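Comments concern the structure below.
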Amino acid sequence: MDGDGETLANLLREERRFPPPPEMAAAANAGEDAFRAADADGDAFWAAAAARLEWAEPWTQVRDWSRAPFARWFTGGRLNVAANCLDRHVRDGRGDRVAFHWEGEPGDTRTLTYADLKDEVCRAANALLELGVRAGDRVALYMPMIPETVVAMLACARIGAPHTVVFGGFSAEALRGRILDCDARVVVTADGGYRKGAASALKPAVDEALEQCPDVRSVLVVRRTGQDVGWTDGRDVWWHDLVGAQPAEHEPEAFDAEHPLYIMYTSGTTARPKGILHTTGGYLTQVAWSHWAVFDIKPEQDVYWTAADIGWVTGHSYIVYGPLANGVTSVLYEGTPDTPHQGRWWEIVQKYGVTILYCAPTAIRTFMKWGEEIPGRFDLSSLRLLGSVGEPINPEAWMWYRHAIGSDRCPVVDTWWQTETGAHMISPLPGAATLKPGSALRALPGIRAEVVDDTGKPVPNGSGGYLVLTEPWPSMLRTIWGDEQRYIDTYWSRFPGYYFAGDGAKKDEDGDIWLLGRVDDVMNVSGHRISTTEVESALVSHPRVAEAAVVGAADATTGQGIVAFVILRGDGGGDTPDGELAAKLRAHVAKEIGPIARPRQILVVGELPKTRSGKIMRRLLRDIAENRPLGDVTTLTDSSVMDAIRDGLPAAA
Ligand code: WTA
């Protein structure tokens, strides 16, 4: 945890405190009672949370940890996720409630009620069945932020076909890898979507990916932008032709609580992304409960907005499954925050009367940079609660968010969780907690988190260490798709018996938790997880690159920026950095992985600092990338390497 000394010292000086607004405390969905109930009997607590859903068959056992670390929750229970998100609301008289106010980037809009959404999902479910999709078959989605994306996910859930949503910003290559890894036979996509004021194509990446995916038999294509698309007869079919022709009736089948719901790929410490598997009953239970408790959801009044992409876990849990299970009205926005102007988000909040906003610190820091007069031009008085997710939020960004967006009124809940955890794990409950800017405070009811030292012993208050989860939880990942050993090795081996999150954390004098960022080789760029190894292997796949080392360097806006040190092939090793080559390499990485992985900076060097065991010392490279004096160099094979690197760099580095 290099460079943490300073962070720790700054955080220790943070003494501002914000008790809950009295009105919120008085009407809160969950507070100290929930902690007491969960502490008294964890299984009974989660059983009560599960009872908020509708089950076709009751479970016989709440948690089964007998084959740890492979968990089963709500054994024997059966339910249908889509019926829980839609049918029961419609049946119980809530069909006319708006499920989504959708706002396209160009300004076109659609309003879908729960009844509308149910009809669309039934049609799409029938369409997938017609394409031969059966329970257990995987379906890949590569979509823009449009209602059909939600519809396709719920249609998959309805027929028990696990979906894997691949973020639309990923490359054809990344899409291909994911389709092959989970052996998806059907892909749902669109011609394109709107981003930054222009139509941005998606279908060409699907066509390119499928050149090497011979088992994909059907591609269902939504027409969103109307741009020209390549077409493979017999394989490609328009959504409006196939889905539009289906009946709006479909009888949902109940699936086992442990039936796979989806696979979400995320970066690990190796070049190969991990397929995180989530299942049905425990996932929906915890996602629905946490959404209701952490955001204090009042479904009759709230207009809820998660401003994130559905292609990430945040979108799965808190755009789709949590909000719909709770029957609340949400906003769904297609585009970027500065199109056509930098006040677009605030215009949307004003237009729809958004009451709860959930977004990432990187967005907040960008808005800070643009200036508080921009949100100041809009009426944000409908807001009552703000949330943050994806990376540590520094106290100044937290304060700005509360002040400039929340009018010094709205609590800010900093929610720590991961793709693997499926749902919030550490977060304040806004009606109960006294907030500390920059702290996620403590584990939610029913969750056990600890900060441990190298040997796995809990650290005393006032010290830092590694964040672990000491007990299983309902929405935990069940395994890594197709690789049980990697699941055990990655999460359960570093501290036997504990789930190792990969994050550093600190307990303050009150025992509250402050997250400090990753302790492994995973970077966090604008809230997106990218592995250093993944970018390194993309770089060395370029013919001019012999070796590469990548680090995440502190970045005022994006949290971390990707800085790559490369050694060129042949005699090129000692070349002066060549702007043109750097640009080519940056583009190459964007092509291989996706634009989010494009390095901020590429530095050509003659050698890389390595330990005697041959491990690259990224810590030292990070010192250089962040303009810091070098840390301990004694384990290097040759400490003069660092002088050579530093001397050879342009002044800007
Ligand atoms: C980081 C996103 C500090 C953390 C939901 C974690 C956070 C990784 C927070 C998971 C937070 C997420 N404070 N760090 N509130 N939320 N992180 O899988 O490093 O995309 O391990 O899930 O993001 O990222 P993922």
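In this chain, residues are counted from 1 in sequence order. Counting convention: from 1, in listed order, for ligands and their atoms alike. Not measured: the values here are computed from a predicted model.
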Does a salt bridge link Glu396 with Arg16, judged by any charged N lying under 4.0 Å from a carboxylate O?
yes
Is Lys507 paired with Asp512 through a side-chain N to carboxylate O contact shorter than 4.0 Å?
no
Less than 4.0 Å between a side-chain N and a carboxylate O, is that true for Lys196 and Asp338?
no
Quick one: salt bridge (Lys or Arg N to Asp or Glu O under 4.0 Å) pairs with a partner in residues 413-433, sequence neighbours left out?
Lys274-Glu420, Glu420-Arg529
If a pair satisfies salt bridge (Lys or Arg N to Asp or Glu O under 4.0 Å) and one of its residues is in residues 356-365, list it, with sequence neighbours excluded.
Arg365-Glu391
Those residues at least two apart in sequence (or on a different chain) that pass salt bridge (charged side-chain N to carboxylate O under 4.0 Å, His left out) with Glu334 are Arg224
Quick check for students: name every N or O atom pair between ligand 1 and the protein closer than 3.5 Å, with distances.
from, atom 1, to, atom 2, distance (Å)
ligand 1, 13 (N), Glu391, O, 3.3
ligand 1, 14 (N), Pro392, N, 3.4
ligand 1, 15 (N), Asp414, OD1, 2.7
ligand 1, 15 (N), Thr415, O, 2.8
ligand 1, 16 (N), Gly390, N, 3.1
ligand 1, 17 (N), Gly390, O, 3.4
ligand 1, 18 (O), Thr419, N, 2.8
ligand 1, 18 (O), Thr419, OG1, 2.5
ligand 1, 18 (O), Arg529, NH1, 2.7
ligand 1, 19 (O), Asp503, OD1, 3.0
ligand 1, 19 (O), Asp503, OD2, 2.9
ligand 1, 21 (O), Gln418, NE2, 2.9
ligand 1, 21 (O), Asp503, OD1, 2.8
ligand 1, 21 (O), Asp503, OD2, 3.3
ligand 1, 21 (O), Arg518, NH1, 2.7
ligand 1, 22 (O), Thr419, N, 3.4
ligand 1, 23 (O), Gly390, O, 3.2

